[in-house]
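Here's the structure, in structure tokens; my notes come after.
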Amino acid sequence: DVQVQGMTVTQQYLALMPFYHLLFPDVDRAVVVDADIVFQTDAAYLWQIFYAFKAEEIVGAVFEQQPTFRRVFQQYRKLHPQTRLGSPPSAGGLRTGNFPGFNTGLVMLHLGRMRASDMYSEAVYTDLVDHLTRKYILKDRLTPATLFTMMAVEHPFLFHVLDCKWNRQTCQAMRGSEHGKVFEQY
């Protein structure tokens, strides 16, 4: 992959995801899919899920299915052992259960609502992103998955959790990591 300013073209494209509502002003909804996603059902069913979004929900994504954010937010978790962030999923979902973070391999964006949401605008256009990266002691590169994960901890009502069938995680890389003992819980 071609590198431009230290990032691949794919990484730059993905970094723009939180701003698609500005890049595509005439588009009301979008489904963004990684190139490695293989559909085993008609992808048109995804469009029906937009109708299940609650009025305030603007982003739909699948929970991360491995301990990625357990690692990403490791320092924060050490200082806040009671946190739900980066923990294996549990009953209660995003709002009251453990929150493993989001996988953005498939994301549903309600671009019209993103444009209309003061809360979303505040989150991506102000110093809030900087505040969140400091608060959660982010040392890795800020990706859309990490941004949406941090935003969801602060504003869970903006997010719609998709069934994992829409983005089944098959990567086993973290199984052999220091987090391997909890891998199966994800």
Side-chain angles (χ1 to χ4, degrees), residues 14 17-21 29-34 37 45-77 79-124 128-129 131-138 140 142-171 174 179 182-186:
L14 290 173
M17 187 185 307
F19 305 100
Y20 283 1
H21 62 294
R29 295 177 181 105
V31 177
V32 182
V33 182
D34 278 356
I37 295 284
Y45 290 126
L46 282 167
W47 293 102
Q48 295 174 3
I49 295 172
F50 277 117
Y51 296 107
F53 276 35
K54 293 178 181 159
E56 66 275 6
E57 293 176 335
I58 59 176
V59 176
V62 171
F63 278 162
E64 180 60 55
Q65 296 166 39
Q66 59 180 342
T68 301
F69 292 107
R70 184 181 202 90
R71 179 194 57 78
V72 169
F73 298 114
Q74 190 166 350
Q75 289 182 313
Y76 179 81
R77 290 175 55 83
L79 294 173
H80 304 276
Q82 79 291 353
T83 187
R84 304 176 308 117
L85 178 59
S87 297
S90 66
L94 176 58
R95 290 179 173 87
T96 59
N98 288 341
F99 179 43
F102 282 123
N103 182 311
T104 54
L106 184 146
V107 180
M108 299 179 68
L109 302 172
H110 199 302
L111 302 174
R113 289 183 186 169
M114 290 168 90
R115 285 187 282 275
S117 172
D118 291 336
M119 183 70 64
Y120 185 79
S121 294
E122 179 184 328
V124 296
L128 186 59
V129 172
H131 165 73
L132 292 175
T133 58
R134 285 192 317 274
K135 176 179 179 177
Y136 294 108
I137 315 171
L138 181 66
D140 290 357
L142 181 63
T143 65
T146 307
L147 176 61
F148 287 154
T149 293
M150 291 186 303
M151 286 175 62
V153 173
E154 302 287 321
H155 309 293
F157 54 88
L158 294 176
F159 295 85
H160 183 87
V161 179
L162 300 174
D163 188 297
C164 65
K165 72 181 180 184
W166 292 108
N167 187 3
R168 177 71 63 195
Q169 183 70 34
T170 58
C171 177
M174 293 196 77
H179 305 290
V182 296
F183 185 88
E184 290 299 325
Q185 297 174 32
Y186 288 82

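Taking every heavy atom of both residues into account, Ile37 and Gly105 meet most closely at CG1-O, 3.6 Å. Residues Ser87 and Arg70 come closest through the heavy atom pair CA-NH1, 4.2 Å. For the residue pair Ser117 and Leu158, the shortest heavy atom distance occurs at OG-CD2, 4.2 Å. Between Leu94 and Pro156, the shortest heavy-atom contact is CD2-O, 3.5 Å. Nearest heavy-atom pair across Val129 and Ala123 is CG2-O, 2.9 Å. Nearest heavy-atom pair, Asn98 versus Pro88, reported as atom, atom and distance to 0.1 Å: CB-O, 2.8 Å.
Using bins of under 30°, 30° to 60° and over 60° for the plane-to-plane angle, the ring pair Phe157/His155 lands in the perpendicular bin.
With values rounded to the nearest 0.5 angstrom, Met17 atom CE is found 6.5 Å from Leu109 atom CG. Atom CZ in Phe159 sits 12.0 Å away from atom CD in Glu56 (nearest 0.5 Å). If you take CD on Gln74 and CZ on Phe69, they are separated by 14.0 Å, rounding to the nearest 0.5 Å. Taking OG1 of Thr83 as the start and CG of Leu85 as the end, the distance is 4.5 Å to the nearest 0.5 Å. Rounded to the nearest 0.5 angstrom, Leu106 CG and Leu46 CG are separated by 5.5 Å. From Glu122, atom CD reaches atom CE of Met151 across 10.0 Å, with rounding to the nearest 0.5 Å.
Residues Pro100 and Gln65 form no side-chain contact, since every pair of their non-hydrogen atoms from C-beta on lies 4.5 Å or further apart. Looking at His110 and Phe50, their side chains come closer than 4.5 Å, going by heavy atoms from C-beta outward.
Around the CG atom of Asp163, the shell of radius 6.0 Å holds more than 12 heavy atoms that belong to other residues, nucleotides or ligands.
Tested against His160 for a ring pair (Phe, Tyr, Trp, His ring centres under 6.0 Å), the candidates Phe53, Trp166, Phe63 yield a single pass: Phe53.
Between Arg29 and Glu57 there is no salt bridge, since no side-chain nitrogen of the basic residue lies less than 4.0 Å from a carboxylate oxygen of the acidic one.
Between the side chains of Arg115 and Ser121, no donor-acceptor pair of N or O atoms lies under 3.5 Å. Counted by atom type alone, Tyr120 and Arg113 present zero donor-acceptor pairs between their side chains at under 3.5 Å. A donor-acceptor contact under 3.5 angstrom links the side chains of Thr146 and Thr143, judged on distance only.
Checked against a 6.0 Å centroid threshold, the rings of Tyr76 and Tyr136 count as neighbours.
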Assess whether side chain to side chain contact (heavy atoms under 4.5 Å, CB included) is satisfied between Tyr20 and Met114, documenting all intermediate values. CA-CA 9 Å; Tyr20 283 1; Met114 290 168 90; 6.0 Å; no

Please test Asn167 against Leu162 for side chain to side chain contact (heavy atoms under 4.5 Å, CB included), starting from the C-alpha separation and ending with a verdict. CA-CA 9 Å; Asn167 187 3; Leu162 300 174; over 6 Å; no

Val107 vs Val62, test: side chain to side chain contact (heavy atoms under 4.5 Å, CB included). Steps then yes/no. CA-CA 8 Å; Val107 180; Val62 171; over 6 Å; no

Evaluate the criterion side chain to side chain contact (heavy atoms under 4.5 Å, CB included) for residue pair Leu132 and Val153; output intermediate values, then yes/no. CA-CA 10 Å; Leu132 292 175; Val153 173; over 6 Å; no

